[in-house]
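Residues take their numbers from the sequence shown, with the count starting at 1.
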Amino acid sequence: MLVEHRISLPTLFRGNMLSGDTPGARLRRARLAKNMTIHDLAVATGLSVKTIGNLEANRTRALLPHLRVLAQVLNVPLYYIGCFENLPEKTLGQRIRKARVFHGLTKEELAQSIGVNPKTLQSWEQDKRKPLQRYLTALKAYLAILGK
């Protein structure tokens, strides 16, 4: 009697792994579209060959500063490489986080831009606190990228 064994993957990865729509797959496609080797991309970005290989294999996730340089060198939108369009935006906190990463900003960079502490921004993104009206006004320009 044959027993079938199934590997259970987290829901987040099920469709993406089968469709090849992961940050690593997108990075590789963008690199190949530019006719670049991993070594070429490493030289152009200042990242190591090992780092780029790990990113393409989805063994590690790129930090926003790395995504910025990769997107610039490959001439693709940062959100494309990060698969950020797939992030949820049901709550205000989720929308703030999604808009922040679409802009390619770290928590520290956005917090400084709107004049708050990074921990305050983090509490907004986690929906633990709601921004005061004066900060919502400042955030409005960032949230506009989401088109809603």
Undergrad: Could you state the interatomic distance from CD (E108) to CG (L64), rounded to the nearest 0.5 Å?
TA: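 That separation rounds to 10.0 Å.
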
Undergrad: Once salt bridge (charged side-chain N to carboxylate O under 4.0 Å, His left out) is applied, do any residues pair with K98, and if so which ones, sequence neighbours excluded?
TA: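 K98 satisfies salt bridge (charged side-chain N to carboxylate O under 4.0 Å, His left out) with E89 only.
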
Undergrad: Kindly write out the residues that satisfy side-chain contact (heavy atoms from CB on, under 4.5 Å) with V49, not counting sequence neighbours, or none if the list is empty.
TA: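 If we apply the side-chain contact (heavy atoms from CB on, under 4.5 Å) test to V49, skipping adjacent residues, the hits are I38, H39, A42.
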
Undergrad: Would you mind reporting whether V116 and P131 have side-chain heavy atoms less than 4.5 Å apart?
TA: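 They are not in side-chain contact.
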
Undergrad: Do L92 and L139 have side chains that get closer than 4.5 Å, going by heavy atoms?
TA: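 A side-chain contact under 4.5 Å is absent here.
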
Undergrad: With sequence neighbours left out, what residues match R59 under side chain to side chain donor-acceptor pair (under 3.5 Å)?
TA: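 Expected list: N54.
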
Undergrad: Give the minimum heavy-atom separation between D127 and Q94, together with the two atoms involved.
TA: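 Nearest pair, atom of D127 first, then Q94: OD2-N, 4.1 Å.
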
Undergrad: Please indicate whether Q72 has more than 12 foreign heavy atoms, meaning atoms of other residues, nucleotides or ligands, lying under 6.0 Å from its CD.
TA: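 Result for CD/Q72: open.
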
Undergrad: With R26, which residues qualify under salt bridge (charged side-chain N to carboxylate O under 4.0 Å, His left out), at least two apart?
TA: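 Here the qualifying residues are D21, E85.
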
Undergrad: Got a sec, which residues hit ring pair (Phe, Tyr, Trp, His ring centres under 6.0 Å) with H103, two or more places apart in sequence or on another chain?
TA: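 Y142.
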
Undergrad: Can you hop from V43 to L47 via hydrophobic side chains spaced under 4.5 Å?
TA: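 No, separate clusters.
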
Undergrad: Please tell me if the side chains of L87 and F102 come closer than 4.5 Å, counting only heavy atoms from C-beta onward.
TA: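 Sidechains of F102 and L87: no contact.
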
Undergrad: I need the full list of salt bridge (charged side-chain N to carboxylate O under 4.0 Å, His left out) pairs touching residues 68-81, with sequence neighbours left out, sorted by first then second residue.
TA: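 Salt bridge (charged side-chain N to carboxylate O under 4.0 Å, His left out) check on residues 68-81 returns R68-E109.
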
Undergrad: For the SG atom of C83 and the CZ atom of R61, what is their distance to the nearest 0.5 Å?
TA: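 Separation between the atoms: 11.0 Å.
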
Undergrad: Find out whether L74 and L27 are in side-chain contact, i.e. whether some heavy atom of one side chain is under 4.5 Å from a heavy atom of the other.
TA: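 Yes; the side chains approach each other to less than 4.5 Å.
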
Undergrad: Rounded to the nearest 0.5 Å, how far apart are CZ of R31 and CG of L70?
TA: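 Reported to 0.5 Å precision, the distance equals 11.0 Å.
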
Undergrad: Same cluster or not: I145 versus L110, using hydrophobic residues (I, L, V, M, F, W, Y) connected whenever any side-chain heavy atoms lie under 4.5 Å apart?
TA: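 Both belong to a single hydrophobic cluster.
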
Undergrad: For D40 versus N35, what's the shortest heavy-atom pair and its separation?
TA: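 It is OD2-O, 4.3 Å.
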
Undergrad: Are more than 12 heavy atoms from other residues, nucleotides or ligands located less than 6.0 Å from atom CZ of R97?
TA: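 For R97, atom CZ is not crowded (no more than 12 foreign heavy atoms under 6.0 Å).
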
Undergrad: Hey, is OH on Y79 packed in by over 12 heavy atoms from elsewhere, all under 6.0 Å?
TA: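 No - once you tally the heavy atoms of other residues, nucleotides and ligands closer than 6.0 Å, there are 12 at most.
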
Undergrad: Roughly how far, to the nearest 0.5 Å, is CG of L55 from CG of L67?
TA: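 One finds 8.0 Å between CG of L67 and CG of L55.
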
Undergrad: Specify the closest pair of heavy atoms between A71 and P77, including all atoms of both residues, with the distance to one decimal.
TA: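 Smallest interatomic distance, heavy atoms only, reads CB-C, 4.1 Å.
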
Undergrad: Please name the pair of heavy atoms, one in A25 and one in N58, separated by the smallest distance, quoted to 0.1 Å.
TA: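 Between these two residues, the closest heavy atoms are N-ND2, 4.4 Å.
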
Undergrad: Nearest 0.5 angstrom please: T91 OG1 to K130 NZ, how far?
TA: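 NZ of K130 is found 7.5 Å from OG1 of T91.
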
Undergrad: Just how far is it from atom CG of L121 to atom CZ of R129, taken to the nearest 0.5 Å?
TA: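 Atom-to-atom, L121:CG and R129:CZ are 11.0 Å apart.
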
Undergrad: Is K140 close to L136 at the side-chain level, that is, under 4.5 Å between some pair of heavy atoms?
TA: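 Result no, sub-4.5 Å side-chain heavy-atom pair not found.
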
